[in-house]
Amino acid sequence: MAYWLMKSEPDAYSIDDLKVDRRIPWTGVRNYQARNMIRDQMKKGDMAFFYHSNCKEPGIAGIIKIAKEAYPDDIKPGDGRKKRPKKNKVLKMNADPANPTWFVVDVQYQRKLKRVITLTELKSHPELEEMPVARKGNRLSITPVSEEQWNFVLELE
DNA sequence: GCCAACGTTGGC
DNA sequence: GCCAACGTTGGC
């Protein structure tokens, strides 16, 4: 079993939204590195931190579980999709259904953390300096988390 | 709103 | 294939 960190802008979709919806397809990932992780590495049963990005208090807000492994992301904005697309942004869709480029996994709500563990706090611990989200300039929306990092973060809660 | 740190695009 | 220009992410 592997651990991950998945970013979402809470204005677009927050841990509280997922608490209501319970389970959603994690649509809209359009970065090849993140795509490769979704398609090739994420397994059913893997756990992930739900991270709030680009907001007042960036940090880890909850825990989710991978409920279904990768399948083509043919979920168009507005087409039963829960995550709201960014305004003024046209999402590239799969051109050839037989040879998809973009994939999605389903995630299942596990729990909300008692408090948001902020990015500032994550950065303050030397034990987490290798954690991608705590590194300068990191932009990937999906990053791996080691078991040690996972357990360390949960101890902070 | 600024801008660093990338990723992508397209001319050559 | 190189790389300059451009676009995006996301903290601050």
Side-chain angles (χ1 to χ4, degrees), chain A residues 2-19 21 24-42 46-64 66 70-79 81-107 109-110 112-146 149-150 152-157:
Chain A
Y3 298 97
W4 307 94
L5 180 141
M6 300 169 79
K7 293 182 189 173
S8 182
E9 302 189 7
D11 286 350
Y13 199 84
S14 73
I15 189 70
D16 292 312
D17 293 320
L18 185 62
K19 188 174 183 179
D21 295 335
I24 60 155
W26 196 265
T27 53
V29 173
R30 294 296 183 271
N31 170 282
Y32 286 101
Q33 268 183 273
R35 185 284 307 271
N36 290 347
M37 285 186 274
I38 284 179
R39 186 190 60 187
D40 306 332
Q41 293 178 252
M42 279 191 165
D46 283 0
M47 304 293 284
F49 289 131
F50 191 112
Y51 179 90
H52 283 172
S53 69
N54 202 13
C55 58
K56 199 171 178 183
E57 192 180 44
I60 295 169
I63 294 176
I64 57 183
I66 307 306
Y71 58 101
D73 184 359
D74 294 322
I75 304 165
K76 293 193 178 73
D79 182 23
R81 157 195 235 271
K82 301 281 191 179
K83 287 171 76 184
R84 290 182 280 287
K86 285 187 193 147
K87 49 185 169 184
N88 304 329
K89 185 166 180 187
V90 179
L91 207 59
K92 281 183 200 163
M93 300 305 291
N94 287 320
D96 177 7
N99 192 17
T101 303
W102 307 117
F103 290 80
V104 60
V105 291
D106 286 355
V107 301
Y109 178 83
Q110 296 297 113
K112 186 177 174 176
L113 297 190
K114 296 186 201 85
R115 64 184 185 89
V116 173
I117 300 172
T118 64
L119 179 61
T120 309
E121 188 174 352
L122 296 175
K123 283 180 171 172
S124 76
H125 295 285
E127 292 89 343
L128 300 177
E129 66 184 11
E130 301 291 325
M131 197 171 163
V133 77
R135 303 195 72 122
K136 192 181 174 188
N138 160 72
R139 297 189 313 159
L140 265 189
S141 65
I142 296 178
T143 50
V145 174
S146 73
Q149 290 160 355
W150 179 270
F152 189 88
V153 169
L154 288 183
E155 294 280 319
L156 298 174
E157 187 187 8

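The chains referred to below are lettered A, B, ... by the order of the sequence lines, with proteins before strands, and numbering in each begins at 1.
Ion pairing between A:Arg35 and A:Asp73 fails under the 4.0 Å rule for side-chain N and carboxylate O.
If you measure from atom CG of A:Leu140 to atom C1' of C:dG11, you get 16 Å, rounded to the nearest angstrom. Between the CG atom of A:Leu91 and the P atom of C:dG7 there is a distance of 18 Å, rounded to whole Å. Taking atom CD1 on A:Ile142 and atom C1' on B:dC6, their separation rounds to 17 Å, with Å as the unit. The CZ atom of A:Arg30 sits 15 Å away from the C1' atom of C:dT8 (whole-angstrom rounding). Atom P of nucleotide C:dC12 and atom NZ of A:Lys56 are separated by 15 Å, given to the nearest angstrom.
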Short heteroatom pairs, N/O only, protein and nucleotides 2-5 of chain B, under 3.5 Å:
residue : atom : partner  : partner atom : Å
B:dA5   : OP1  : A:Lys136 : NZ           : 2.7

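Out of B:dG7, C:dG10, C:dG11, the shortest distance to the side chain of A:Gln33 is found at B:dG7.
Distances shorter than 4.0 Å separate none of the side-chain N or O atoms of A:Tyr32 from OP1 or OP2 on B:dC6.
Within the 3.5 Å criterion, the main-chain N or O of A:Tyr13 finds a donor-acceptor partner in the side chain of A:Ser8. Between the A:Tyr71 side chain and the A:Asp74 main chain, no donor and acceptor come within less than 3.5 Å of each other. One N or O on the side chain of A:Lys7 and one on the backbone of A:Leu140 form a donor-acceptor pair closer than 3.5 Å.
Of the inter-residue distances, the one linking A:Glu155 atom CD with A:His125 atom NE2 reads 11.0 Å to the nearest 0.5 angstrom.
Between A:Phe50 and A:Trp4, the distance separating the two ring centers is not shorter than 6.0 angstrom.
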For A:Glu157 and A:Ile60, run side-chain contact (heavy atoms from CB on, under 4.5 Å): C-alpha distance rounded to whole Å, both residues' side-chain angles, the deciding distance at 0.1 Å, then the answer.
-> CA-CA 10 Å; A:Glu157 187 187 8; A:Ile60 295 169; over 6 Å; no

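Near DNA chain B, meaning a heavy atom under 4.0 Å away, there are no residues from residues 116-135 of chain A.
In this structure, the salt bridge (Lys or Arg N to Asp or Glu O under 4.0 Å) partners of A:Glu130, at least two apart in sequence or on a different chain, are A:Arg135.
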